[in-house]
Colleague: 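Have a look at this one before I ask anything.
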Protein chains: 2
Amino acid sequence: MITGIKFSLNDSLYSRDPQDTELGQRILKHSIILIDDIGLENFTFKKLALEIESTEASMYRYFENKHQLLLFLTSWYWQWVEYLISIHTLNIEDPGHRLKIILKSIINATSENALTEYINENLLHNIIINEGSKAYHTHDVDEENKHGIFSSYKELNEVIAQAILALNSNFPYPHSLASNILEMANNQVYFAQHLPRLTDIKVPKGDLSQLEAMMEYFVMKLVKD
Amino acid sequence: MITGIKFSLNDSLYSRDPQDTELGQRILKHSIILIDDIGLENFTFKKLALEIESTEASMYRYFENKHQLLLFLTSWYWQWVEYLISIHTLNIEDPGHRLKIILKSIINATSENALTEYINENLLHNIIINEGSKAYHTHDVDEENKHGIFSSYKELNEVIAQAILALNSNFPYPHSLASNILEMANNQVYFAQHLPRLTDIKVPKGDLSQLEAMMEYFVMKLVKD
DNA sequence: TATCTGTGATAGTAAAACTATTATATCTAA
DNA sequence: TTAGATATAATAGTTTTACTATCACAGATA
């Protein structure tokens with residue numbers, strides 16, 4: 001029986017791998033719930049410790065600080081999306097079809113259950129939408145990048161870029177389009193929820209079908225010859 | 001003689017308008033320099049006060065906290081870009097030409113001097129690229145939005161959306177494309193500088209011509225029938 | 001039986017993020 | 001010209017955040 005997925009994440013994303021212990025898994029589970037609830041700025045390890053009836057010091061055994069925790073969560077998420085894409089595109093040959101499935105996978109990742117008890121993918125997706133870009137908008141990007149902190153994001157980006165090139169090998173900006181797809185998919189949901197004048201789509205009750213239609217329209221119109 | 005531009009910014013963006021006093025202007029000038037230098041996370045009012053030989057308490061008379069300061073700076077910036085667009089598109093009738101000029105204005109805003117002694121537009125542009133999205137990625141977006149905090153961003157977005165519709169009135173997603181233009185223009189520069197595998201462009205010595213070519217390619221291909 | 005591993009309990013520090021009070025210089029309107 | 005308003009400085013304080021350090025202890029492991 002499958003009880004969960006464990007991803008191999010870069011060493012620099014934690015002090016002790018939280019996937020390996022019961023407390024570690026509780027940290028992941030409740031940090032997702034708490035960050036989703038109060039936002040990253042208001043989130044502290046003290047509040048988290050209180051929530052899971054542990055101590056602040058124990059939180060620091062797993063993560064050096066909350067930024068490292070955010071990096072862990074975002075890396076986990078992007079690795080999961082890449083995994084979903086790999087499954088959904090198995091045996092799909094047609095490049096146009098493949099690219100559409102990739103878009104669907106990125107957008108609807110949240111509705112799939114990774115069978116990981118300690119990670120609520122729905123809430124994690126919210127966190128990615130709300131806080132995801134803060135993972136790399138930091139003064140130490142270059143240093144963190146050297147340590148391979150962003151490799152799961154870059155790998156996912158490469159998968160998308162290759163799918164774009166498979167559809168049109170002359171497309172001049174595959175990597176920029178790929179990163180823009182990832183950013184836009186999150187941003188437009190955020191705008192629909194909080195700054196609706198910045199978008200044309202709606203996300204009624206979390207229904208992402210309008211986003212999907214728009215993303216497909218943009219990408220296909222751009223990539224096709 | 002023109003000595004500077006003063007924008008009318010929403011009351012909620014400050015406690016006391018920093019544009020009106022000498023200390024306020026020094027706060028703006030040196031906060032831009034300091035945030036650019038050490039990053040928003042490491043920036044504190046205490047460090048700023050030290051820099052300009054004033055006191056922490058005096059900083060708090062102008063801004064409630066550093067997030068409000070960031071909101072002020074980003075609003076100022078977007079209002080300035082809208083002003084540049086309005087100037088550059090005067091007497092330009094052709095919609096395609098107009099839209100291209102808008103893109104140029106957004107991308108090259110930095111190379112223009114607003115003649116505002118206390119605002120270094122170059123550094124401010126860097127801050128927008130590095131920290132801009134944090135202005136609205138906050139737990140209190142909805143509350144802040146109610147107070148009109150984001151109106152300059154939304155107005156600029158509307159100007160772009162209208163220019164898109166002028167070129168093709170059937171384009172189904174003018175607002176989403178507009179917001180994506182603004183986000184993408186910043187993100188792709190950031191990626192080129194820090195995570196080059198996520199983009200296809202380069203920004204050699206701050207030269208943004210590759211970005212301009214790419215943005216024009218994307219937008220024109222999308223908008224044209 | 002010894003030791004290693006993971007956690008809890010407790011205590012502490014330095015800095016960040018404010019708030020409050022008083023003093024004083026300057027400018028401004030009666 | 002003078003009383004009051006305005007802007008800033010100086011000082012001192014509080015609470016919270018973001019850590020670090022130490023010791024005790026239970027359970028697994030060798």
Side-chain angles (χ1 to χ4, degrees), chain A residues 6 11-31 34-35 37-73 118 131 134-135 138-140 143-144, chain B residues 6 11-31 34-35 37-73 118 131 134-135 138-140 143-144:
Chain A
K6 189 200 160 183
D11 279 2
S12 302
L13 289 166
Y14 50 76
S15 297
R16 183 195 307 273
D17 193 334
Q19 296 174 111
D20 289 343
T21 65
E22 206 234 312
L23 180 63
Q25 296 185 359
R26 276 198 293 146
I27 289 174
L28 293 179
K29 179 173 182 171
H30 291 275
S31 66
L34 193 54
I35 292 173
D37 187 26
I38 64 176
L40 186 68
E41 322 302 321
N42 299 319
F43 171 88
T44 69
F45 278 171
K46 196 167 190 174
K47 288 176 188 169
L48 176 62
L50 204 75
E51 198 79 16
I52 64 185
E53 285 170 318
S54 178
T55 62
E56 205 183 352
S58 291
M59 308 299 100
Y60 279 99
R61 289 207 190 89
Y62 285 86
F63 297 103
E64 285 169 33
N65 48 51
K66 70 175 172 182
H67 182 242
Q68 196 183 40
L69 169 61
L70 178 68
L71 289 169
F72 184 96
L73 294 176
Y118 52 91
E131 325 278 7
K134 293 172 191 168
T138 169
H139 196 244
D140 304 320
E143 190 56 34
E144 288 172 354
Chain B
K6 191 201 158 182
D11 279 0
S12 303
L13 289 167
Y14 50 77
S15 297
R16 182 196 308 271
D17 193 334
Q19 295 173 110
D20 289 343
T21 66
E22 207 233 313
L23 181 62
Q25 297 185 359
R26 276 198 293 146
I27 289 174
L28 293 179
K29 179 172 183 172
H30 291 274
S31 65
L34 194 53
I35 292 173
D37 186 25
I38 64 177
L40 187 67
E41 322 301 322
N42 299 320
F43 171 88
T44 68
F45 279 170
K46 195 167 189 176
K47 288 176 187 168
L48 177 62
L50 203 76
E51 199 78 16
I52 63 184
E53 286 170 318
S54 178
T55 62
E56 205 183 352
S58 292
M59 308 298 102
Y60 280 100
R61 287 207 196 86
Y62 286 86
F63 297 103
E64 285 168 33
N65 48 51
K66 71 175 170 180
H67 182 243
Q68 196 184 41
L69 169 61
L70 177 68
L71 288 169
F72 183 96
L73 294 176
Y118 52 92
E131 325 277 5
K134 293 173 191 167
T138 169
H139 196 244
D140 304 320
E143 190 55 35
E144 288 171 355

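Residue numbering restarts at 1 for every chain, and letters A, B, ... go by the order of the sequence lines.
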Colleague: Just how far, in rounded Å, is C1' of D:dC19 from CZ of A:F63?
Modeller: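 After rounding, the gap between these two atoms is 16 Å.
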
Colleague: Rounded to whole Å, please give me the gap between NZ in B:K47 and P in C:dC18.
Modeller: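 Spelled out: NZ on B:K47 to P on C:dC18 is 15 Å.
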
Colleague: A:Y62 OH to C:dG8 C1': how many Å, rounded?
Modeller: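 Interatomic distance, OH of A:Y62 to C1' of C:dG8: 12 Å.
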
Colleague: I need the CG-P distance between B:D20 and C:dC27, as an integer number of Å.
Modeller: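 It is 16 Å, rounded to the nearest whole Å.
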
Colleague: Let me know the distance between CD1 of A:I38 and C1' of D:dT16, rounded to the nearest Å.
Modeller: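 To the nearest whole Å, that distance equals 13 Å.
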
Colleague: Look at the side chain of B:A57 and decide which nucleotide, out of C:dA16, D:dA21, C:dA20, has an atom nearest to it.
Modeller: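 Taking heavy atoms from C-beta onward, the closest nucleotide is C:dA20.
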
Colleague: Kindly point out which of D:dT8, C:dT7, C:dA17 is positioned nearest to the side chain of B:L23?
Modeller: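 Ranking D:dT8, C:dT7, C:dA17 by closest atom to the B:L23 side chain puts D:dT8 first.
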
Colleague: Return the 5'-most residue of the pair A:N65, B:I52 with respect to DNA chain D, ranking by each residue's nearest nucleotide.
Modeller: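 Final value for this comparison: B:I52.
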
Colleague: Does a salt bridge link A:E51 with A:K47, judged by any charged N lying under 4.0 Å from a carboxylate O?
Modeller: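 Looking at A:K47 together with A:E51, the answer is no, because their closest N to O distance does not fall below 4.0 Å.
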
Colleague: For a quick check of understanding: with a heavy-atom distance under 4.0 Å over all strands, which category does B:R16 fall into, base, sugar-phosphate or nothing?
Modeller: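 Sugar-phosphate, no base atom in range.
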
Colleague: Tell me which nucleotide among D:dA9, C:dT7, D:dT17 gets nearest to the side chain of B:S54.
Modeller: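 Out of D:dA9, C:dT7, D:dT17, the nucleotide with an atom closest to B:S54's side chain is D:dA9.
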
Colleague: Any donor-acceptor pair, under 3.5 Å, between the side chain of A:E64 and the base of D:dC19, if you only look at N and O atoms?
Modeller: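 Answer no: no donor N or O sits under 3.5 Å from an acceptor.
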
Colleague: Would you call A:E41-B:K134 a salt bridge at under 4.0 Å N-O?
Modeller: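 No.
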
Colleague: Give the rounded distance in Å between these two atoms: OH of A:Y60 and P of C:dG8.
Modeller: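 Roughly 16 Å, once rounded to whole Å.
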
Colleague: Go through C:dG8, C:dA17, C:dG6 for me and flag the one nearest to the B:E56 side chain.
Modeller: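 From the listed options, C:dA17 comes nearest.
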
Colleague: Nearest of D:dA18, D:dA10, D:dA7 to any side-chain atom of B:T55?
Modeller: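 Among the listed nucleotides, the one closest to the side chain of B:T55 is D:dA10.
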
Colleague: Donor-acceptor pair, A:K66 side chain versus A:F43 backbone, under 3.5 Å?
Modeller: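 Indeed, once roles are kept as given, a pair shorter than 3.5 Å links the two residues.
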
Colleague: Take the protein atom CG of A:N42 and the nucleotide atom C1' of C:dA17, then report the distance between them rounded to whole Å.
Modeller: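 My rounded result for the distance is 13 Å.
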
Colleague: The side chain of B:K66 is closest to which nucleotide in this list: C:dA17, D:dA9, D:dC19?
Modeller: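 The nucleotide sitting nearest to the side chain is C:dA17.
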
Colleague: Nearest whole Å is fine: how far is D:dA7 C1' from B:E22 CD?
Modeller: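 Going from CD in B:E22 over to C1' in D:dA7 covers 11 Å.
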
Colleague: Does the pair A:D37 and A:N42 meet the rule for a side chain to side chain contact (heavy atoms under 4.5 Å, CB included), with working shown?
Modeller: CA-CA 10 Å; A:D37 187 26; A:N42 299 319; over 6 Å; no

Colleague: From A:S54 OG over to A:H30 NE2, what is the distance, rounded to the nearest 0.5 angstrom?
Modeller: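 These two atoms lie 11.0 Å from each other.
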
